[in-house]
Amino acid sequence: MDGFSGFSPAFFDFFRALKDDNSREWFTANKARYEAEVVTPLMAFISAMQPHLKAIAPHFIAEPKKQGGSMFRIYRDVRFSKDKRPYKEHGACQFRHEAGGGRDVHAPGYYVHLEPGRVMFGGGIWLPPSDALAAIRQKIVRDPKGWDMVIGDADLQAAFGGIGGDGLVRPPKGFDAGHRHIEDIKRKTFFVMQEASETDAGRADFVERVAEAYKAASPLMRFLCSANGVPF
């Protein structure tokens, strides 16, 4: 596999064309284009991330496989959705924790999203199951100073501007509404995300830029792993 040299304009042009005709007929006719312009650079990017991720967070997996690896499938799950478009209109990969075989998309992980006009990357945990979410909330209550260190970390703030993630309107049951971190305790998702341009993603050093962001996310990722009893 050739080394990563950036996501070319052709990568994003593929998704622009797919958005114009998100049909099985179009995709079948352009399958070779998808393999060459999307899958190949994504595999190269994932491979290039391996040494960086090992240095930052060695228990997270960068696996360049089309099936069961770090790259998200392009096929949408439309079984329970009113939106019946068969294909995702962006490329993405997630570097998941080795716990559970690295297959749980709701476990702490690092993420890259590549869409025409929208490139972003960062880390966190997305809509974790109730037991994992409760563990994070309880750790914030037990270790408020530790959470202070996460949200006040200078590198994290400089890279991302703070913690994001949708939250409940009211405090979750059993938690003190007056707790000084109640707004964070109310969150259902915890993440940090940085945005970039298609031009940025087209550079060979995009790998290094993403790695720097992942490194800056370490305080949050360490806290989330600790809350869920897995090594960082």
Side-chain angles (χ1 to χ4, degrees), residues 1-16 33-74 88-98 102-105 107-126 153-161 163-164 191-222 224-225 231-232:
M1 182 184 294
D2 293 337
F4 179 73
S5 58
F7 292 101
S8 72
F11 178 96
F12 295 100
D13 287 344
F14 174 87
F15 288 107
R16 289 188 176 92
R33 180 182 173 189
Y34 167 68
E35 292 288 338
E37 297 175 0
V38 175
V39 175
T40 296
L42 273 172
M43 291 295 104
F45 174 79
I46 293 167
S47 293
M49 281 300 306
Q50 287 177 325
H52 295 284
L53 202 59
K54 185 176 181 179
I56 296 165
H59 296 282
F60 288 80
I61 303 168
E63 192 170 15
K65 291 171 55 180
K66 294 181 183 179
Q67 303 289 336
S70 300
M71 185 183 79
F72 277 111
R73 287 162 49 88
I74 195 170
K88 300 171 185 174
E89 295 170 357
H90 63 272
C93 52
Q94 185 181 33
F95 305 116
R96 301 167 188 163
H97 199 280
E98 64 189 9
R103 302 188 185 281
D104 185 0
V105 298
Y110 297 92
Y111 182 67
V112 177
H113 179 101
L114 298 147
E115 179 181 0
R118 191 184 188 203
V119 174
M120 58 184 184
F121 43 88
I125 190 165
W126 180 72
D153 184 84
D155 291 339
L156 184 147
Q157 285 289 337
F160 305 106
I163 310 293
F191 67 81
V192 287
M193 204 65 64
Q194 184 179 131
E195 295 190 1
S197 68
E198 291 179 37
T199 301
D200 295 328
R203 295 167 55 94
D205 65 359
F206 183 64
V207 170
E208 283 71 25
R209 177 165 175 179
V210 173
E212 283 300 311
Y214 288 176
K215 184 177 179 181
S218 293
L220 174 63
M221 298 300 287
R222 185 178 293 107
L224 295 175
C225 287
F232 175 70

With the side chain counted from C-beta on, respond yes when [X] and [Y] share a heavy-atom pair under 4.5 Å apart, and no when they do not.
{"X": "His97", "Y": "Phe232", "value": "no"}
{"X": "Gln50", "Y": "Pro64", "value": "yes"}
{"X": "Phe15", "Y": "Val38", "value": "yes"}
{"X": "Lys215", "Y": "Ile56", "value": "yes"}
{"X": "Leu114", "Y": "Phe45", "value": "no"}

For Leu224 and Pro108, work out which heavy atoms get closest and say how close.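 Shortest heavy-atom contact: CB-CG, 4.2 Å.
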
Salt-bridge test for Glu35 and Lys66: reply yes if a basic N is under 4.0 Å from a carboxylate O, no otherwise.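 Looking at Glu35 and Lys66, the cut-off is met.
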
Assess whether a salt bridge exists between Glu98 and Lys54, defined as any Lys/Arg side-chain N lying under 4.0 Å from an Asp/Glu carboxylate O.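 Between Lys54 and Glu98 there is no salt bridge, as every charged N stays at least 4.0 Å from the carboxylate O atoms.
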
Please name all residues satisfying side chain to side chain contact (heavy atoms under 4.5 Å, CB included) with Ser197, sequence neighbours left out, ordered by chain then number.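 Partners of Ser197 under the side chain to side chain contact (heavy atoms under 4.5 Å, CB included) test: Thr199, Asp200.
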
Once you round to the nearest 0.5 Å, how far does CD of Glu63 lie from CE of Met49?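 If I round to the nearest 0.5 Å, the distance is 15.0 Å.
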
Check the orientation of Tyr214 and Phe95. Use parallel for under 30°, tilted for 30 to 60°, and perpendicular for over 60°.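 Rings of Tyr214 and Phe95: perpendicular, over 60°.
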
Please lay out, stage by stage, how Val119 and Phe206 fare under the test side-chain contact (heavy atoms from CB on, under 4.5 Å). CA-CA 11 Å; Val119 174; Phe206 183 64; 4.0 Å; yes

